[in-house]
Amino acid sequence: MTWLTLLDLAGVFVFALTGALAAARKNMDIFGYCVLALLPAVGGGTVRDLVLDVPVFWVQDSTYVLVAIAAAVLVYVQPVRVGLRLRWIAWADAVGLALFCVLGASKALQVADDVTVAITLGVVTAVVGGILRDVVSNEIPLILQREVYATAAMLGSAVYCSLFLLSGEHELGLIAGGACAFALRALALWFSWSLPNRGGKA
């Protein structure tokens with residue numbers, strides 16, 4: 001197992017934690033925990049692979065599904081205090097976002113060899129699963145709440161693609177892109193940054 005696969009599994013685990021924590025907030029049963037864990041863990045990558053017309057990653061290797069279910073069971077048997085759940089979701093989501101945007105961009109760039117496609121699918125990989133999680137748990141998706149969210153994923157994807165194309169350094173691009181995405185998202189959470197709205201009324 002390569003370090004890149006381990007990084008991918010780490011992203012699946014962290015995003016699965018956000019789904020399980022969302023299930024805990026809704027007082028779901030263990031089946032609900034598993035469903036909400038799987039949605040953010042594999043949702044974005046599934047859409048990415050279908051768009052790229054390549055085998056869906058978790059169909060090729062069911063380890064990803066098992067890791068997501070393990071995260072769900074962990075949260076189910078070791079519940080997080082009510083007041084901390086939303087905070088944990090936000091920070092775990094920031095880590096998952098940072099990992100998935102660069103990993104998604106990396107895979108897309110290898111398959112499509114197009115920077116625009118790579119950045120776009122890096123964002124898709126990072127945000128679609130969270131959208132599915134929030135919709136199913138009856139929450140307004142973060143991406144629709146003026147949050148600095150997709151912007152962070154776009155920054156991370158762009159930094160990865162830029163460094164890889166300029167220097168050929170795959171590992172450096174992943175680290176720098178992921179760090180930039182996490183830093184922007186973390187700052188937004190810490191200082192309550194949000195994107196400006198258009199203003200005015202219809």
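Here the structure is a predicted model, which means the values were calculated and not measured.
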- Task: Tell me, yes or no, whether the heavy-atom count around Leu50 atom CG, taken from other residues, nucleotides or ligands under 6.0 Å, exceeds 12.
- Result: yes
- Do Trp91 and Phe191 belong together in a cluster built from hydrophobic side chains that touch within less than 4.5 Å? yes
- Query: What residues, two or more places apart in sequence or in another chain, satisfy side chain to side chain contact (heavy atoms under 4.5 Å, CB included) together with Leu38?
  - Reply: Val65, Ala68
- Query: Which is it for Val148 and Leu184 under the side-chain contact (heavy atoms from CB on, under 4.5 Å) test, yes or no, and what are the steps along the way?
  - Reply: CA-CA 8 Å; Val148 178; Leu184 180 57; 3.8 Å; yes
- When you look at Leu4 and Leu103, which way does the side-chain contact (heavy atoms from CB on, under 4.5 Å) test go after all the steps? CA-CA 9 Å; Leu4 196 59; Leu103 292 170; 3.6 Å; yes
- Can you run down the salt bridge (Lys or Arg N to Asp or Glu O under 4.0 Å) pairs that involve residues 109-129, sequence neighbours left out, and say none if there aren't any? none
- Looking only at non-hydrogen atoms, find the nearest pair between Val128 and Gly44 and report the distance. CB-CA, 3.9 Å
- Side-chain contact, heavy-atom cut-off 4.5 Å: Phe100 with Val95? no
- For Glu139, check salt bridge (Lys or Arg N to Asp or Glu O under 4.0 Å) against everything at least two apart and list the hits. Arg25, Lys26
- Message: Ignoring hydrogens, what is the shortest heavy-atom contact between Gly177 and Val102? Give both atom names and the distance.
- Response: C-CG1, 3.5 Å
- Task: Over all heavy atoms of both residues, which pair between Ala126 and Ala153 is shortest? Give the atoms and the distance, please.
- Result: CB-CB, 3.9 Å
- Message: Keeping Arg48 on the side-chain end and Ala108 on the backbone end, is there a donor-acceptor pair under 3.5 Å?
- Response: no
- Query: With hydrophobic residues grouped by side-chain heavy-atom distances under 4.5 Å, do Val135 and Val123 end up in a single group?
  - Reply: yes
- Note on the structure: Residues at least two apart in sequence or cross-chain that pass side chain to side chain contact (heavy atoms under 4.5 Å, CB included) with Ala90, listed by chain then number, are Leu189
- For Ile119, the option from Val117, Val115, Leu121 that meets side chain to side chain contact (heavy atoms under 4.5 Å, CB included): Val115
- Message: Just to verify, what does Asp49 make a salt bridge (Lys or Arg N to Asp or Glu O under 4.0 Å) with, not counting sequence neighbours?
- Response: Lys107
- Message: If you count every heavy atom of other residues, nucleotides or ligands that lies below 6.0 Å from Asp29 atom CG, does the total exceed 12?
- Response: yes
- Query: To the nearest 0.5 Å, how far apart are SG in Cys34 and CG in Leu39?
  - Reply: 11.5 Å
- Taken in chain and number order and not counting sequence neighbours, the residues that satisfy ring-ring contact (aromatic ring centres under 6.0 Å, His included) with Tyr160 are Phe164, His170
- Item | side-chain contact (heavy atoms from CB on, under 4.5 Å) between Trp193 and Leu187, intermediate numbers included | CA-CA 7 Å; Trp193 289 351; Leu187 288 170; 3.6 Å; yes
- Query: By side chain to side chain contact (heavy atoms under 4.5 Å, CB included), which residues pair with Val159, not counting sequence neighbours?
  - Reply: Leu155, Leu163, Ala176, Cys180
- Message: With rounding to the nearest 0.5 angstrom, report the CG to SG distance, Leu166 to Cys161.
- Response: 10.5 Å
- Task: With sequence neighbours left out, write down each residue that passes side chain to side chain contact (heavy atoms under 4.5 Å, CB included) with Ile143, or none if nothing qualifies.
- Result: Val127, Ile131, Pro141, Tyr149, Ala150
Throw together a table of side-chain donor-acceptor distances under 3.5 angstrom for residues 12-21, partners on residues two or more places apart or in other chains.
residue: Thr18; atom: OG1; partner: Phe15; partner atom: O; Å: 2.6
residue: Thr18; atom: OG1; partner: Arg133; partner atom: NH1; Å: 2.7

- Query: Can you list the steps and then say if Leu36 with Ser137 is a side-chain contact (heavy atoms from CB on, under 4.5 Å)?
  - Reply: CA-CA 8 Å; Leu36 277 190; Ser137 60; 3.9 Å; yes
- Task: Just jot down the ring-ring contact (aromatic ring centres under 6.0 Å, His included) partners of Tyr64, sequence neighbours excluded, or say none.
- Result: Phe57
- Note on the structure: Taken to the nearest 0.5 Å, the spacing of Thr125 OG1 from Asp8 CG works out to 9.5 Å
- Contacts of Thr46 that satisfy side-chain hydrogen bond (donor to acceptor under 3.5 Å, both in side chains) - sequence neighbours left out: Trp58
- Query: Within the distance-only criterion (no hydrogens, no angle test), does the side chain of Ser157 pair as donor or acceptor with the backbone N or O of Ala105 below 3.5 angstrom?
  - Reply: no
- Message: Return the CG to CG distance between Leu9 and Leu99, rounded to the nearest 0.5 Å.
- Response: 11.0 Å
- Could you tell me the separation between the CD atom of Glu171 and the OG atom of Ser106, rounded to the nearest 0.5 Å? 9.5 Å
- Message: Under the rule for ring-ring contact (aromatic ring centres under 6.0 Å, His included), what residues qualify as partners of Tyr76, not counting sequence neighbours?
- Response: Tyr33
- Query: Are Val59 and Ile69 connected, step by step, through hydrophobic side chains (Ile, Leu, Val, Met, Phe, Trp, Tyr) whose heavy atoms are closer than 4.5 Å?
  - Reply: yes
- To the nearest 0.5 Å, how far apart are OG1 in Thr2 and CG in Leu7? 9.5 Å
